[in-house]
Amino acid sequence: MPKRPYVIDQMISAKSIAARIEELSREISHEYADTDKLVVVGLLRGSFVFIADLVRELDLPVEVDFLEASSYGNAMESSREVRIFKDLRGEIEGRDVLVVEDIVDTGHTLTHVLHVLESRNPAKLKTIALLDKPSRREADITADWIGFSIPDEFVVGYGIDFAQRNRNLPYIGKVRFTE
Ligand code: IMP
Ligand code: MG
């Protein structure tokens, strides 16, 4: 549980998120129109709401799998060490893999995950992130599709947490401490 009191200021409304997902899913449906090998891989836990909305907009045969890598823990600082806590259930060799991330911040998590997945020889490996914080980047990586590029603010909602809270908000908001 967070120790300091805070409020959440809305940054991206549920309506804007839905509209953007509709646009992205049109591009993705187009990109994968000719394949029946697509597996969408959600990075837990932050992407669970995004992947649920995204796959329901895809007009494609699609499989869904999940992987959990370490990220922030309970602090607001990103850790440099990335660990896989929960691996994929299925094989991805020869598959078209689309990795779904909530936020690309320093970029270390996504870089590490891609490195691990690449070693399993997928036919194609691409990435989509709901949010991108380019000013925080340390690793040289950009997602193939990005929902929204945002400034260096700590955000919550729509699956994204602050110390495991606020994932259930339907919108994206920024955390503002009141003390
Ligand atoms: P990276 O390895 O620094 O790119 O970290 C990416 C992960 O850190 C994301 O998947 C999130 O789980 C977490 N993260 C980054 N920024 C925020 C934020 O503003 N709020 C909550 N979690 C964040
Ligand atoms: Mg994450």
Side-chain angles (χ1 to χ4, degrees), residues 1-25 40-58 64-89 98-114 116-117 127-139 141-143 145-179:
M1 239 182 94
K3 293 180 188 69
R4 285 168 66 196
Y6 65 95
V7 293
I8 298 163
D9 300 324
Q10 181 172 295
M11 186 187 235
I12 308 171
S13 70
K15 229 176 149 174
S16 312
I17 297 170
R20 184 70 184 122
I21 289 178
E22 223 183 287
E23 288 174 357
L24 290 166
S25 52
V40 178
V41 169
L43 301 192
L44 294 172
R45 283 169 266 178
S47 74
F48 81 104
V49 177
F50 181 37
I51 193 174
D53 281 346
L54 184 71
V55 295
R56 283 182 293 175
E57 291 287 335
L58 295 181
V64 176
D65 205 341
F66 292 95
L67 185 147
E68 183 171 6
S70 69
S71 58
Y72 266 50
N74 278 348
M76 286 174 84
E77 277 302 308
S78 182
S79 74
R80 300 296 118 94
E81 266 193 44
V82 182
R83 276 181 51 203
I84 304 287
F85 285 103
K86 181 196 168 296
D87 208 337
L88 297 176
R89 181 67 189 266
L98 176 63
V99 177
V100 181
E101 174 63 308
D102 55 355
I103 309 180
V104 184
D105 188 43
T106 64
H108 291 300
T109 307
L110 195 56
T111 303
H112 181 80
V113 166
L114 290 181
V116 169
L117 298 183
T127 52
I128 179 168
L130 178 66
L131 303 176
D132 186 29
K133 289 191 204 171
S135 64
R136 295 258 311 161
R137 198 73 90 255
E138 291 172 12
I141 188 162
T142 314
W145 292 278
I146 290 163
F148 302 89
S149 188
I150 62 168
D152 182 12
E153 301 277 3
F154 196 84
V155 296
V156 293
Y158 198 74
I160 300 164
D161 74 300
F162 173 32
Q164 298 308 327
R165 296 292 173 92
N166 310 122
R167 293 190 194 274
N168 54 321
L169 287 176
Y171 56 87
I172 302 280
K174 55 183 168 187
V175 168
R176 179 163 52 87
F177 291 103
T178 50
E179 271 172 28

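One-based numbering along the sequence shown.
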Checklist line | Which residues share a side chain to side chain donor-acceptor pair (under 3.5 Å) with S13, sequence neighbours left out | finding: S16

Note to self: Give me each pair satisfying salt bridge (Lys or Arg N to Asp or Glu O under 4.0 Å) with a member in residues 7-22, each pair once, sequence neighbours excluded.
What the structure shows: D9-R176, R20-E23, E22-R26

Check: When rounded to the nearest 0.5 angstrom, what distance separates NZ in K86 from CZ in R45?
Finding: 12.0 Å

Item checked: Residues in side-chain contact (heavy atoms from CB on, under 4.5 Å) contact with I146, at least two apart in sequence or another chain -> D132, T142, A143

Note to self: Keeping T106 on the side-chain end and E138 on the backbone end, is there a donor-acceptor pair under 3.5 Å?
What the structure shows: no

Item checked: By side-chain contact (heavy atoms from CB on, under 4.5 Å) - contacts of R56 (at least two apart) -> A52, D53

Note to self: Using the side-chain contact (heavy atoms from CB on, under 4.5 Å) criterion, which residues pair with S135? Sequence neighbours excluded.
What the structure shows: D152

Next item on the list: Go through the steps to decide whether I12 and Y158 satisfy the test side chain to side chain contact (heavy atoms under 4.5 Å, CB included), and finish with yes or no.
Entry: CA-CA 10 Å; I12 308 171; Y158 198 74; over 6 Å; no

Check: Would a distance-only check, ignoring hydrogens and angles, find a side-chain to backbone donor-acceptor pair under 3.5 Å from K133 to E153?
Finding: yes

Margin query: Just verifying a value: how many Å separate M11 CE and L131 CG, rounded to the nearest 0.5 Å?
Written below: 8.5 Å

Item checked: Check: F154 ring centre within less than 6.0 Å of F162 ring centre -> yes

Check: Which class fits the ring pair Y6 and F177: parallel under 30°, tilted 30 to 60°, perpendicular over 60°?
Finding: perpendicular

Next item on the list: Please identify each residue that fulfils side chain to side chain donor-acceptor pair (under 3.5 Å) with T127, with sequence neighbours left out.
Entry: D144

Next item on the list: Could you walk me through whether V100 and F50 pass side chain to side chain contact (heavy atoms under 4.5 Å, CB included), step by step?
Entry: CA-CA 8 Å; V100 181; F50 181 37; 3.4 Å; yes

Notebook entry, point to check: What residues form a ring-ring contact (aromatic ring centres under 6.0 Å, His included) with F48, not counting sequence neighbours?
Noted result: none

Next item on the list: Output the distance between atom CG (L43) and atom CD1 (I51), rounded to the nearest 0.5 Å.
Entry: 8.5 Å

Check: Taking the side chain from R167 and the backbone from G157, do they hold a donor-acceptor pair closer than 3.5 Å?
Finding: no

Note to self: For R89, give me all partners under side-chain contact (heavy atoms from CB on, under 4.5 Å), at least two apart in sequence or on another chain.
What the structure shows: D65

Check: Out of curiosity, L54 CG to W145 CH2, how far, rounded to the nearest 0.5 Å?
Finding: 10.0 Å

